[in-house]
Amino acid sequence: MKSNFYKTTILFLLLTANAMEISGQWNSQIPQTNDTVWLYENQLVDKQTAWLGGTEFFWDPAINGFNYGNSDVYCYRTNDGGTSWKAIRFPLSETLAPYLSTIHPFDAEHAIIGIYLLSSGQNLIYRTRNSGSNWTRIANSIFTNGSSFIDAISFKDTLNGIAMGDPIPDLNSPDAYFEIYKTTDGGASWNRIPRSNIPEPLTDEIGYNGELTRIGDHIWFGTSHGRIYSSEDGGNNWIVDEIAQGNIAFLKFVDASHGVCYGGVPNQTGRLYYTEDSGKTWSDVTAPFVTADHYFWSFSLIPESYFLFLNISESIEGGPFKTYISKDKGQTWLQIGEANELNAARFISPQVGFAGEGQLKRSGSWNETFFICW
């Protein structure tokens with residue numbers, strides 16, 4: 001499934017905080033790029049290294065919304081804590097309409113990405129070992145069904161990983177089930193997890209790219225029908241729990257026990273949820289001031305402190321933007337910033353996190369600004 005637009009983002013931001021206080025002051029940094037890229041993949045390796053990726057978008061008056069039409073795929077990588085970034089335009093023709101569906105970084109040099117070609121419905125997986133200067137196509141034998149859409153790739157280490165996609169049938173059954181593969185040799189070979197190990201999807205249920213999170217052998221991914229699939233053995237066996245009625249977004253665990261997500265509610269903005277028992281139970285932590293008129297740009301959890309972080313605006317087209325934290329699991333909220341568009345914020349520690357400035361409709365102009373907060 002294409003990106004879940006409750007968590008899209010453009011460009012970058014570095015937030016620095018201590019375990020008990022967070023600064024609301026953000027400083028801008030102009031990137032050395034002319035790309036109008038909406039970044040919806042934000043993957044952190046450590047305090048110095050982050051990979052972000054996305055697809056070029058533009059505002060289309062004909063649909064009064066964002067369109068990606070003939071687009072390019074981009075990745076951006078920092079290995080110095082956000083001081084500088086390497087911009088990578090993926091070498092695919094715009095006529096193929098490539099769309100970045102997932103990215104998994106191992107370190108500053110090595111990453112794997114998945115691309116979906118809107119022109120043909122083909123899925124492509126590539127690996128780089130030199131920070132994006134060169135790419136090699138791998139895993140040509142998976143996600144080849146005409147209905148396949150790769151949502152996520154995630155590795156525990158350099159050898160053990162999974163690749164997950166929307167439900168499709170197999171040779172033994174016409175009934176579709178989530179397309180999940182496992183590798184134990186670093187991606188040289190992949191085996192599909194059997195249908196008997198994965199709970200049946202609901203009618204028209206799909207996944208979203210960006211809505212998979214992994215801590216060691218424990219893996220979670222969200223769906224369009226308010227459910228979260230989880231595995232505790234590296235993807236061999238799965239269970240599923242219903243969390244909401246609509247789409248799951250902002251799903252992120254910061255350790256094996258603590259995580260957050262957004263759960264869609266029909267005709268409303270949705271609810272925010274927090275778990276501290278690996279997703280067995282979820283607490284409603286929705287901020288009381290959030291209404292159906294607000295648009296979520298970020299909802300995330302800060303590791304170790306377990307503060308909740310929230311950025312909202314009144315419209316996808318613009319602000320005003322406000323940033324809040326909760327230090328008590330959503331009982332009270334403290335506003336710590338205003339005017340900054342902080343998208344898909346993710347934190348690697350209580351001190352360091354990355355996010356981005358929003359790509360908005362502004363009379364044909366675009367935001368292309370880094371932010372750094374100390």
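Using a cut-off of 4.0 Å between Lys/Arg side-chain N and Asp/Glu carboxylate O, K329 and E276 are scored as salt-bridged. The pair R227-D241 fails the salt-bridge criterion, with no side-chain N (NZ, NE, NH1 or NH2) lying under 4.0 Å from an Asp/Glu carboxylate O.
Of the possible donor and acceptor atoms, one in the side chain of S101 sits under 3.5 Å from a partner among the backbone N and O of G114. When atom types are taken as modelled, the side chain of R346 and the backbone of N42 share a donor-acceptor pair closer than 3.5 angstrom. Proximity of a side-chain donor or acceptor of S231 to a complementary backbone N or O of I219 within less than 3.5 Å is not detected. The main-chain N or O of W135 is never found under 3.5 Å from a side-chain atom of T128 such that the two would form a donor-acceptor pair. Between the side chain of N311 and the backbone N or O of L342 there is at least one donor-acceptor pair closer than 3.5 Å. The main-chain N or O of P167 is never found under 3.5 Å from a side-chain atom of E179 such that the two would form a donor-acceptor pair. At distances below 3.5 Å, at least one donor-acceptor pair connects side-chain atoms of N123 with backbone N or O atoms of I150. Formation of a donor-acceptor pair under 3.5 Å by the S131 side chain with backbone atoms of A108 is not found in this model.
In this structure, Y274 has no ring pair (Phe, Tyr, Trp, His ring centres under 6.0 Å) partners at least two apart in sequence or on a different chain. For R129, the side chain to side chain contact (heavy atoms under 4.5 Å, CB included) criterion is met by H110, R127, not counting sequence neighbours. Residues passing the salt bridge (Lys or Arg N to Asp or Glu O under 4.0 Å) test with K86, sequence neighbours excluded: none. Listed by chain and number, the residues in a ring pair (Phe, Tyr, Trp, His ring centres under 6.0 Å) with H225 amount to none (sequence neighbours excluded). By the ring pair (Phe, Tyr, Trp, His ring centres under 6.0 Å) test, Y229 is found to be paired with F178, F221, residues two or more places apart in sequence or in another chain being considered. With sequence neighbours excluded, the residues forming a side chain to side chain contact (heavy atoms under 4.5 Å, CB included) with D157 are L159, N160, listed by chain and number. Under the side chain to side chain contact (heavy atoms under 4.5 Å, CB included) criterion, D293 pairs with T291, not counting sequence neighbours. For E304, there are no salt bridge (Lys or Arg N to Asp or Glu O under 4.0 Å) partners two or more places apart in sequence or in a different chain. The salt bridge (Lys or Arg N to Asp or Glu O under 4.0 Å) check on D175 picks up R195, with sequence neighbours excluded. Residues passing the side chain to side chain contact (heavy atoms under 4.5 Å, CB included) test with P303, sequence neighbours excluded: V254, F347.
Within the structure, salt bridge (Lys or Arg N to Asp or Glu O under 4.0 Å) contacts touching residues 100-110 (residues at least two apart or in different chains) are R77-E109.
Other cluster members for V265: none, since no ILVMFWY side-chain heavy atom sits under 4.5 Å from it.
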Stepwise side chain to side chain donor-acceptor pair (under 3.5 Å) check, D255 with S257: CA-CA 6 Å; D255 56 37; S257 298; 4.6 Å; no

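Ring centroids of H294 and F296 are separated by 6.0 Å or more, keeping the two rings apart.
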